[in-house]
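This report concerns only the one structure given below.
Here is the naming used below: chain letters follow the sequence lines, and residue numbers restart at 1 for every chain.
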2 protein chains.
Amino acid sequence: MFKFGSEINKNEVEPKKSKKQMAIAERHRELILIAKDIISAEGFHGFTMDKLASASGYSKGTIYNHFASKEDVIVTISCEALKTLAQMYRKAYEFEGLSRDKVVALNVAYRIFSRLEPVLFMCVLTSKTPWVVEKSSAENIEKQNLAEEMLIEIADKFILDAIDGEDLKLAPTASTDALIFANWAVAFGSNALLNNATNSQCIERIKDPYSVLYNVNIVLDGMNWQPLSSRRDYKKVWREVEQTIFADETAYLAQIGR
Amino acid sequence: MFKFGSEINKNEVEPKKSKKQMAIAERHRELILIAKDIISAEGFHGFTMDKLASASGYSKGTIYNHFASKEDVIVTISCEALKTLAQMYRKAYEFEGLSRDKVVALNVAYRIFSRLEPVLFMCVLTSKTPWVVEKSSAENIEKQNLAEEMLIEIADKFILDAIDGEDLKLAPTASTDALIFANWAVAFGSNALLNNATNSQCIERIKDPYSVLYNVNIVLDGMNWQPLSSRRDYKKVWREVEQTIFADETAYLAQIGR
DNA sequence: ACCTGAACACCGTTCAAGT
DNA sequence: ACCTGAACACCGTTCAAGT
């Protein structure tokens, strides 16, 4: 099972740290987890810097040594969320199957992530909002971009493999970036709209578990990524992915009924 | 030229109002416009209820007679934004051309809207965020849903026409809702990611004016909406739409360089 | 019935003093 | 060098008093 936080700061290139620095890094990890818990329990409005201070046992001054502002905490969580997502993408890449099956696995990963960790997903969404962007440090926004780049790099592998295996042909005017962007846009859009599905009827009617797959199929068919959805049962692939590489997560989600 | 606010409250079904009620409705319109201006000038953090009060000349108590909370103001702006967008969609529907050309027009409308009125677009995006949802009145969220339904209703016409004209075949397992959702997801996702394009490289490389069209083409090709993008120059259609029905808006955007 | 603005409570942020 | 928490400023929200 993927656990948010297990990797926080671990994969950063930071040569030889002093004991002090190690302790600070450890505290950083701790604070992010506590912040996430507060948001889970009390919502974004219930999350205050005071609560983060008292729940962690550190003073407010120390909290502000770690984060430039309240919004900075959200961006930091979002960064870590993207790293967790990257791990899941890497696992999706390991799925044994056709190149297009792997993309299905990628989208299963994204969908599971957004349901398994709604708060993290919301932090990512909220980080795209002026309310957060306006007040977060340039340095942290840069980190966020790097985390996004990392995801794009992984996504690139899926596409390059497909081109290598001749399941996909790049139009002379297109680039892999364009394809990644199309995928990203539809995945981000679908999940953002679905997770917020308050009670809009259109979305209500569409809330079946495969609606994301449906959108993905349209996009991949549009790219002419072989085999087309008319010639292969990608619902079955979706289920296979859920039951093999993401079996634990799927079982857990079924158990808590989300 | 589409002007946000010109239609505020005008198309609501509200039978015979007293003079007092008319005045209140008028003030409502006024407040929304002022709120938007403050956000434009000073950002979402610069927007405070105090400023809305003093800029409008009304007391805070009166402001709170109109809006349940600060977040409620954002949702209200978002609602009105969706109504403005609906007008633009209706105009796109009038574009003379193939059924698929009209969908291109729809997406030109959306793209123009998001550039012409970035603040409104951000209000729509921000309204999908827990920060706002948590604190807005149920009644207002309902209004937001109705505004979305209205957009969906318009979008439905584009699809039904295409089915009528046999440019598009509905798969037995699919529904028009599913197609609308796919379109909506890719449009929302593309524009959200593009408008926030801080400096992510993938997005940077892709920031040409037709990247939304590119995604739309993929989606419509995936639906097998005739004629396919390989058989028709939709860039040309996109430009035609810009230069005919949205000529004023396009000229204005070029002038201010956005 | 509607409007007002002083008053309140809460929370983000800072910084002088402490270790 | 890092930590503390009292103090400050600001802002969302309310409500008794006024018209």
Side-chain angles (χ1 to χ4, degrees), chain A residues 16-32 34-35 38-39 41-77 126 129-140, chain B residues 17-31 34-35 38-39 41-77 126 129-140:
Chain A
K16 48 177 173 176
K17 277 192 239 176
S18 70
K19 254 193 194 149
K20 190 78 209 175
Q21 283 171 315
M22 293 275 285
I24 290 175
E26 173 56 31
R27 193 172 57 201
H28 195 75
R29 240 166 281 155
E30 212 184 310
L31 287 174
I32 294 173
I34 294 170
I38 298 174
I39 296 173
E42 315 190 35
F44 279 76
H45 272 279
F47 170 67
T48 68
M49 296 303 258
D50 269 297
K51 281 181 192 164
L52 181 55
S54 67
S56 67
Y58 299 107
S59 72
K60 292 211 244 176
T62 299
I63 303 294
Y64 275 88
N65 276 342
H66 285 271
F67 308 105
S69 67
K70 183 185 165 179
E71 288 72 20
D72 226 38
V73 179
I74 308 288
V75 180
T76 307
I77 295 176
T126 308
T129 263
W131 176 66
V132 169
V133 175
E134 284 171 10
K135 296 248 303 187
S136 44
S137 62
E139 173 195 11
N140 233 357
Chain B
K17 278 193 240 176
S18 72
K19 252 191 195 153
K20 190 80 209 174
Q21 284 172 313
M22 293 273 285
I24 290 176
E26 173 56 31
R27 192 170 57 198
H28 195 75
R29 240 166 281 153
E30 211 183 309
L31 288 173
I34 294 170
I38 298 174
I39 296 173
E42 315 190 35
F44 279 76
H45 272 278
F47 170 67
T48 69
M49 295 303 257
D50 269 296
K51 281 181 192 164
L52 181 55
S54 68
S56 67
Y58 300 107
S59 71
K60 291 210 243 177
T62 299
I63 303 294
Y64 275 88
N65 277 344
H66 285 271
F67 308 105
S69 67
K70 183 186 164 177
E71 287 73 19
D72 227 36
V73 180
I74 308 289
V75 180
T76 306
I77 295 176
T126 308
T129 262
W131 175 65
V132 169
V133 175
E134 284 170 10
K135 296 251 301 187
S136 43
S137 63
E139 174 195 10
N140 232 357

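Separating the OH atom of A:Tyr64 from the P atom of C:dC11 is a distance of 12 Å, rounded to the nearest angstrom. Between B:Met49 atom CE and D:dC10 atom P the separation is 19 Å, expressed in whole Å.
No hydrogens or angles were tested; on distance alone, a donor-acceptor pair under 3.5 Å links the side chain of B:Lys60 to the base of D:dT13.
Across all strands shown, A:Lys135 has heavy atoms under 4.0 Å from sugar-phosphate atoms exclusively, and none from any base.
Set against D:dC3, D:dT13, C:dC3, the side chain of B:Glu71 has D:dT13 as its closest nucleotide. Residue B:Ser69 has its side chain nearest to D:dT13 when only C:dC3, D:dT13, D:dT4 are considered. Comparing atom distances between the B:Asp50 side chain and each of D:dC11, C:dG12, C:dG5 picks out D:dC11 as nearest.
With a cut-off of 3.5 Å on both pairing distances, the Watson-Crick or G-U wobble partner of D:dG18 is C:dC2. Base pairing of D:dC10: no nucleotide in any strand meets the Watson-Crick or G-U wobble criterion (both distances under 3.5 Å).
Side-chain nitrogen and oxygen atoms of A:Arg27 include none within less than 4.0 Å of the OP1 or OP2 phosphate oxygen of D:dC2. Listed pair B:Asn65 / C:dC3 meets the phosphate criterion, a side-chain N or O lying under 4.0 Å from OP1 or OP2.
With rounding to the nearest 0.5 Å, the separation of CG in B:Asp72 from OH in B:Tyr64 is 10.0 Å.
When all heavy atoms are compared, the tightest approach of A:Lys60 to A:Ala53 is CG-CB, 3.9 Å.
Side-chain atoms of A:Ser69 come within 3.5 Å of backbone N or O of A:Lys135 as a donor-acceptor pair. Listed for the B:Ser137 side chain is a donor-acceptor partner under 3.5 Å among the backbone atoms of B:Asn140.
Comparing B:Thr62 and A:Thr48, the nucleotide of DNA chain C nearest to each residue sits closer to the 5' end for B:Thr62.
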